[in-house]
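Since the model is a prediction, treat every value here as computed from it, not as a measurement. Reminder, nothing fancy here: chain letters follow the sequence lines and each chain counts from 1. Because only heavy atoms are used, hydrogens play no part in the values below, and waters and symmetry mates are left out as well, while side chains stay in.
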There are 2 protein chains.
Amino acid sequence: MTVDPNFLSALMILKLEGVFTLTGEERQALHDLPMRVVVLKTNQDIVHIGECPLQSFLVLEGFASSYKLTADGVRQIVALHIPGDAPDLQTLHLKRIDCSFASISPCKVGFFQLDDLRRICERHPRLSAAFWRETLVDASILREWVVNVGRRDAYTRVAHLLCEFLVRLKAVGLVENSAFDFPITQANLADATGISAVHMSRALKALREDGLIQTRRMHLAVPDWAKLVNAGDFDPFYLHLGVNAAAGFRPAPQPKAAAL
Amino acid sequence: MTVDPNFLSALMILKLEGVFTLTGEERQALHDLPMRVVVLKTNQDIVHIGECPLQSFLVLEGFASSYKLTADGVRQIVALHIPGDAPDLQTLHLKRIDCSFASISPCKVGFFQLDDLRRICERHPRLSAAFWRETLVDASILREWVVNVGRRDAYTRVAHLLCEFLVRLKAVGLVENSAFDFPITQANLADATGISAVHMSRALKALREDGLIQTRRMHLAVPDWAKLVNAGDFDPFYLHLGVNAAAGFRPAPQPKAAAL
DNA sequence: CGATTACTTGAATTCACTCAATGGCGGTGG
DNA sequence: CCACCGCCATTGAGTGAATTCAAGTAATCG
């Protein structure tokens with residue numbers, strides 16, 4: 001995948017189009033957002049907790065994480081970011097960043113000035129709302145992570161994380177035949193699920209032996225989606241994907257919501 | 001505490017004032033927000049997951065929770081809400097609610113129409129930004145909860161939750177002499193920390209025996225704040241409280257943030 | 001090809017869980 | 001007023017899931 005200098009906005013636009021149709025003006029505004037592309041190796045810090053940056057970033061290629069450390073130096077990954085994600089939108093309204101960001105695979109990110117984005121938000125209220133919505137979806141994912149880490153056993157937990165990964169990657173077109181590139185170490189997966197790296201190895205082995213996943217190299221395949229969903233107690237609803245993006249993952253058209 | 005019919009907006013205003021000073025117009029707009037006060041007993045559902053409500057609510061008195069259930073019916077509380085919180089601002093931009101809300105103590109909540117709030121947001125961009133900020137702080141708390149549940153042992157986890165509770169309650173003036181009303185069952189605390197109710201009992205006992213907390217009836221006192229903070233690996237920064245609100249909790253004025 | 005990093009496996013341990021029984025408190029009704 | 005019931009909290013005993021420690025294998029990179 002080559003990096004078009006405006007690939008940043010292209011990805012952003014793709015994602016927002018999943019929610020509502022942009023006007024030409026809105027698309028243009030995003031397109032004109034100046035940015036600086038940076039290439040990262042694995043495990044490089046992007047922003048560090050406590051900083052007050054003047055810029056924010058978008059993931060273009062590869063994967064990134066948000067993480068925090070406990071007092072005794074144990075790491076917990078609190079979010080995984082895939083191409084198209086803007087992990088750090090909180091900087092728009094919170095001065096100091098409350099978690100660190102790092103690449104967890106070779107990775108390209110695009111930096112943009114917060115002031116530029118603020119200007120866009122002021123001029124285009126619908127875009128502002130769309131970014132707000134993004135941060136709300138992130139919060140929804142965090143809620144599911146609390147459940148995952150708090151109440152599911154390791155096997156289910158890992159299955160759930162892989163389900164989430166697959167659905168999110170599919171939404172940005174990075175899945176082919178229920179398989180995708182997966183250059184993430186077990187240690188990182190362990191930090192994302194709150195288990196030890198050793199136990200992650202065992203959990204993945206169990207999933208493999210049960211025929212729920214196939215791992216070769218840095219590549220992951222899901223032979224039986226329904227089984228993995230079942231094993232992971234997974235319902236993609238919390239991802240709040242547009243109907244288009246979620247096609248193929250919702251077994252049936254979503255039921256009319258219950259009246260209040 | 002009696003319920004002034006406009007107590008809702010009063011609380012909302014109080015909280016927002018912690019971030020920036022409202023103009024008279026802004027204050028008036030909040031004050032004029034129509035609302036309906038509802039009194040709840042313990043453990044009553046307020047909004048159920050999957051609904052598409054036309055209204056949202058604010059907690060006036062007592063405590064509420066956001067929770068989700070796993071497939072086998074185990075509950076995980078993903079957020080606790082105290083007076084002044086608007087737990088359900090996500091409805092502004094997400095159609096279907098992705099978690100349930102319930103009272104976890106006797107409780108008063110104020111419902112308002114989303115359309116009314118949307119109108120306020122359109123007319124008062126600074127208020128819109130302030131509400132957005134609120135949701136970002138909620139996300140920050142969720143990140144800390146993932147760390148808490150994922151990487152800390154039960155003892156530390158419970159201490160951390162109690163620290164968070166005390167700081168947040170203090171910010172809305174519900175703490176006196178490091179003590180506060182605490183009408184929350186151990187089962188609920190267990191669901192918030194991802195441990196079993198039995199183990200919660202043991203953890204609280206240990207904290208009591210170590211002199212970190214005192215519990216009598218539905219009341220909790222913290223004799224030695226520094227010790228509890230230490231035991232809970234607690235740093236209030238993630239709460240993003242205004243400087244005023246956090247007074248007395250930050251050991252020193254926050255250091256100039258590191259440059260990017 | 002040698003060095004480093006990632007993964008796997010086994011064994012012993014520990015933290016937290018379930019199950020089960022008991023005690024305290026508050027409310028309700030005879 | 002006291003007896004009873006239900007909810008909540010406590011405690012003990014046994015179990016189990018996940019951890020740490022340790023060793024060894026496979027893969028990757030310069």
- Query: Regarding A/R96 and the six-membered ring of B/F237, is the cationic atom NZ or CZ under 6.0 Å from the ring centre and inside 45° of its axis?
  - Reply: yes
- Earliest and latest nucleotide of DNA chain C, 5' to 3', sitting under 4.0 Å from a non-hydrogen atom of chain B?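 Counting from the 5' end, contacts occupy C/dA16 to C/dG26.
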- Message: I need the A/L161 CG to A/F165 CZ distance, nearest 0.5 Å.
- Response: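 The CG atom of A/L161 sits 7.0 Å away from the CZ atom of A/F165.
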- By a strict heavy-atom criterion of less than 4.0 Å, which residues belonging to residues 180-195 of chain B are in contact with DNA chain C? B/G194, B/I195
- Within residues 142-162 of chain B: residues closer than 4.0 Å to DNA chain C (heavy atoms): B/D153, B/A154
- Taking only residues two or more places apart in sequence or in another chain, which ones pass side-chain hydrogen bond (donor to acceptor under 3.5 Å, both in side chains) with B/N230?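 For B/N230 there are no side-chain hydrogen bond (donor to acceptor under 3.5 Å, both in side chains) partners, ignoring immediate neighbours.
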Residues in ring-ring contact (aromatic ring centres under 6.0 Å, His included) with [X], at least two apart?
X      : result
A/H81  : none
A/Y155 : none
A/F57  : A/F101, A/F111

Where is the tightest heavy-atom contact between [X] and [Y], given as atom of each residue plus distance?
X      : Y      : answer
A/Q76  : B/V147 : CG-CA, 3.8 Å
A/A231 : A/L212 : CB-CD1, 3.6 Å
A/I49  : A/D98  : CD1-O, 3.3 Å

In whole angstrom, give the distance that lies between atom [atom1] of [X] and atom [atom2] of [N].
X      : N      : atom1 : atom2 : result
B/K205 : D/dC8  : NZ    : C1'   : 17 Å
B/H199 : D/dT10 : NE2   : P     : 14 Å
A/D72  : D/dT20 : CG    : C1'   : 14 Å

- Cut-off 3.5 Å, side chains only: do B/N188 and B/Y67 have a donor facing an acceptor? no
- Answer whether the closest heavy-atom distance between the side chains of A/R157 and A/H160 falls below 4.5 Å.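 When only atoms from C-beta onward are counted, A/H160 and A/R157 do not touch, as no gap falls below 4.5 Å.
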- Would you list the pairs meeting salt bridge (charged side-chain N to carboxylate O under 4.0 Å, His left out) in which at least one residue belongs to residues 182-201 of chain B, sequence neighbours left out?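 Passing the test, one end in residues 182-201 of chain B: A/R151-B/D191, B/R75-B/D191.
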- Query: Can you give one letter per nucleotide of nucleotides 21-30 of chain D, going 5' to 3': B for a protein heavy atom under 4.0 Å from the base, S for sugar-phosphate only, - for none?
  - Reply: B------S--
- Message: As a test of understanding, state which of B/V158, B/T215, B/V198, B/L204 forms a side chain to side chain contact (heavy atoms under 4.5 Å, CB included) with B/Q186.
- Response: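 When B/V158, B/T215, B/V198, B/L204 are each tested with B/Q186, the side chain to side chain contact (heavy atoms under 4.5 Å, CB included) holds only for B/L204.
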- Query: Can you name the residues that form a salt bridge (charged side-chain N to carboxylate O under 4.0 Å, His left out) with B/R152, not counting sequence neighbours?
  - Reply: B/E144, B/D233
- Query: Does A/D85 have any salt bridge (charged side-chain N to carboxylate O under 4.0 Å, His left out) partners at least two apart in sequence or in another chain, and if so, which?
  - Reply: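 Here the qualifying residues are A/K15, A/R168.
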- Query: Bend angle of the helix from C/dC1-D/dG30 to C/dG30-D/dC1 from five-pair axes at both ends, rounded to 10°?
  - Reply: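 Answer for the end axes of this duplex: 40°.
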